[in-house]
> 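For reference, the structure I am asking about is given below.
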Amino acid sequence: MPELPEVETVRRGLAPAMEDARFAKVEVRCRALRWPLPGDFARRLEGRAVTGLGRRGKYLLVGLSSGDVLIMHLGMSGSFYVFHKTGCHSDGRVPANYYHERQRRTAHDHVIFHMSSGAVVIFNDPRRFGTMKVVAGNDLEAEPLIAALGPEPLDDAFDAAALARVCRGRKTSLKAALLDQRVVAGLGNIYVCEALYRARLSPKRMAATIAGKTGEPDERAERLVGGIRAVLKEAIAAGGSSLRNHKRTDGELGMFQHRFRVYDREGERCPTAGCRSTVKRIVQNGRSTFYCPACQK
DNA sequence: ACTACTCCCTGCCAGC
DNA sequence: TGCTGGCAGGGAGTAG
C-alpha cells in the first residue's frame, strides 16, 4: 500500500501504538529488505522512545529519543499491522481477529516492534522492496533518500508556479514527470493517473507544456495542482486505497479504490458527464497509464 | 545533465 | 489440473 494517501493512513494508524512509547524489543526476522538491515539496527531502536511520527512523500519518519530518525518505506507490497496486547482476553487468549490476521500474514513478517505501550507493530512485505534505515537526526536533511524529494503536494509551498518551474524544459511526459519524486513527493501510478484525469490533461503531453518559456505557470499548471491536491485529500479522507486486499494497520480496508475514475478501468465508460468515450490503457516508461483520450488533452 | 530501461522480489491471474 | 507469461501501488542503478 504505497502512495502518499496510503502512507499517511499508515502513519495515522501507527501513531496511537508508537507515539510516546519505547521500543521494548525489535525482532528482525529477515534482514534482506531493499537494502540489508545493518547488524546494529535493533540496538539503535531498543530502549528509545518515539518522539514523533511524521511522513515525507512516501517515507515514514519515526523520531527517536536518541536523536536518531527511523526512516521506513513500504516499497510495492509493504504493510504494517498493529496488534494491541492490551486487547487480549483476561485469560490471555488473543482475539480471533488478530489470530486470523496473523495466520495470513506471518509468512512475510520481516520486522516486529514490541512497544512499551503493549502494542506489537508488524512489518510485512512479500516483495521486500521496502526499506528501513536509522540515521542521525541532524543528518536527515543530508540523507539522500529524503534530500532529493520535491515539495509535499499538500503544503502551501506546492503551487502552480512551483510545479511549472520544475516542469520547464523537461523533455518527458507529464505522466513520467509526476512519477518523479524530485518533481513532487508522494505520487505513484494510481494518483498520477487520477490527478491527470481530474486536470483534463493527457498523460502523453510533454511536461514542459504546462509552463511558459520562462517557467511561469499557465492555466494547465493550475488545474494540475488542483487535481493533485483534491485527489490526495479525498483519498486520505477515505483511508487510502486497498488493492489486492491489502489492509491498513487495523486490518480494515481503505475505501478509495471504489472511487477511481480511470485507474484500472480500461474499457469502462469515461465518468465525465456527457463524454461518450471509454478509458484507455497505454504503457509509458514500462508502467500502465489509464486515461480518457477524449477528455484529457 | 537529462531520460529510458533493467532489475530487485513474490504472488496472482488469465490463457493455454 | 498445472504450467507460463505477464502484471502489480516503487525506485536505485546504469547505459545511452
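Values in this document were obtained by computation on a predicted structure and should not be read as measured data. Each chain gets a letter, A, B and so on, in the order the sequences are listed, and its residues count up from 1.
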> Please tell me if A/Ser77 has a side-chain N or O lying less than 4.0 Å from either OP1 or OP2 of C/dA8.
no

> Could I get the full list of salt bridge (charged side-chain N to carboxylate O under 4.0 Å, His left out) partners for A/Arg12, not counting sequence neighbours?
A/Glu8

> Taking atom types as modelled and ignoring hydrogens, do the side chains of A/Tyr291 and A/Lys204 form a donor-acceptor contact shorter than 3.5 angstrom?
yes

> Please work out if A/Gly188 contacts a base, only the sugar-phosphate, or nothing of the nucleic acid, heavy-atom cut-off 4.0 Å.
sugar-phosphate

> Tell me which of A/Tyr59 and A/Asn189 sits closer to the 5' end of DNA chain C, going by the nucleotide each one is nearest to.
A/Asn189

> So A/Arg223 and A/Arg200, side chain to side chain contact (heavy atoms under 4.5 Å, CB included) or not? Walk me through it.
CA-CA 8 Å; A/Arg223 288 208 314 259; A/Arg200 306 192 308 279; 3.5 Å; yes

> Can you confirm whether more than 12 heavy atoms, excluding those of A/Asp156, are under 6.0 Å from its CG atom?
no

> Please pick, from C/dA8, C/dG9, C/dG11, the nucleotide with the shortest atom-to-atom distance to any side-chain atom of A/Pro2.
C/dG9

> How close or far is atom C1' of C/dG9 from atom CD of A/Gln181, stated in whole angstroms?
12 Å

> Pairs under 3.5 angstrom, nitrogen or oxygen only, protein versus nucleotides 1-3 of chain B, please.
{"from": "B/dT3", "atom 1": "OP1", "to": "A/Lys171", "atom 2": "N", "distance (Å)": "2.7"}
{"from": "B/dT3", "atom 1": "OP2", "to": "A/Arg170", "atom 2": "NH1", "distance (Å)": "3.4"}

> Is it true that, when you exclude A/Lys280 itself, more than 12 heavy atoms of the residues, nucleotides or ligands shown sit nearer than 6.0 Å to its NZ?
yes

> A/Leu243 has an atom CG; how far is it from atom P of C/dG10, in whole Å?
10 Å

> Check the angle between the aromatic planes of A/Phe123 and A/Phe80 and answer parallel, tilted or perpendicular using the 30° and 60° thresholds.
tilted

> Nearest whole Å is fine: how far is B/dT6 C1' from A/Arg34 CZ?
12 Å

> Tell me: CD of A/Glu8 to C1' of C/dG9, nearest whole Å?
17 Å

> May I ask which nucleotide in the shown strands pairs with C/dA15, Watson-Crick or G-U wobble, both distances under 3.5 Å?
B/dT3

> Would you mind reading off the distance between A/His73 atom NE2 and B/dC8 atom C1', rounded to a whole angstrom?
14 Å

> Could you please name the partner base of C/dG9, counting Watson-Crick and G-U wobble pairs only when both distances are under 3.5 Å?
none

> Looking at A/Asp20, I'd like to know if its CG atom is crowded, meaning that more than 12 non-hydrogen atoms belonging to other residues, nucleotides or ligands lie closer than 6.0 Å.
no

> If I take atom CE in residue A/Met72 and atom P in nucleotide C/dG10, what distance separates them, rounded to the nearest angstrom?
18 Å

> Side-chain N or O of A/Lys58 less than 4.0 angstrom from OP1 or OP2 on C/dG10?
yes

> I'd like to check, for A/Phe129, whether its ring lies over the base of C/dG10 with centroids under 5.5 Å apart and a plane angle smaller than 30°.
yes

> Could you state the CE-C1' distance from A/Met76 to B/dC8, rounded to the nearest angstrom?
11 Å

> Could you check whether A/Tyr263 gets within reach of a base, just the sugar-phosphate, or nothing at all, counting any heavy atom under 4.0 Å?
sugar-phosphate

> Do the non-hydrogen side-chain atoms of A/Tyr81 and A/Asp250 ever get within less than 4.5 Å of each other?
no

> For C/dG9 versus B/dT3, give the span between their C1' atoms, rounded off to a whole number of Å.
23 Å

> I need the CD-P distance between A/Glu143 and C/dG11, as an integer number of Å.
14 Å

> Where each residue is assigned the nucleotide of DNA chain C containing its nearest heavy atom, which of A/Leu145 and A/Arg127 is assigned the position nearer the 5′ end?
A/Arg127

> Check every strand shown and say whether A/Thr131 touches a base, only sugar-phosphate, or nothing at a heavy-atom separation below 4.0 Å.
nothing

> Hey, is the side chain of A/His108 poking within less than 4.0 Å of OP1 or OP2 on B/dG11, counting only N and O atoms?
yes

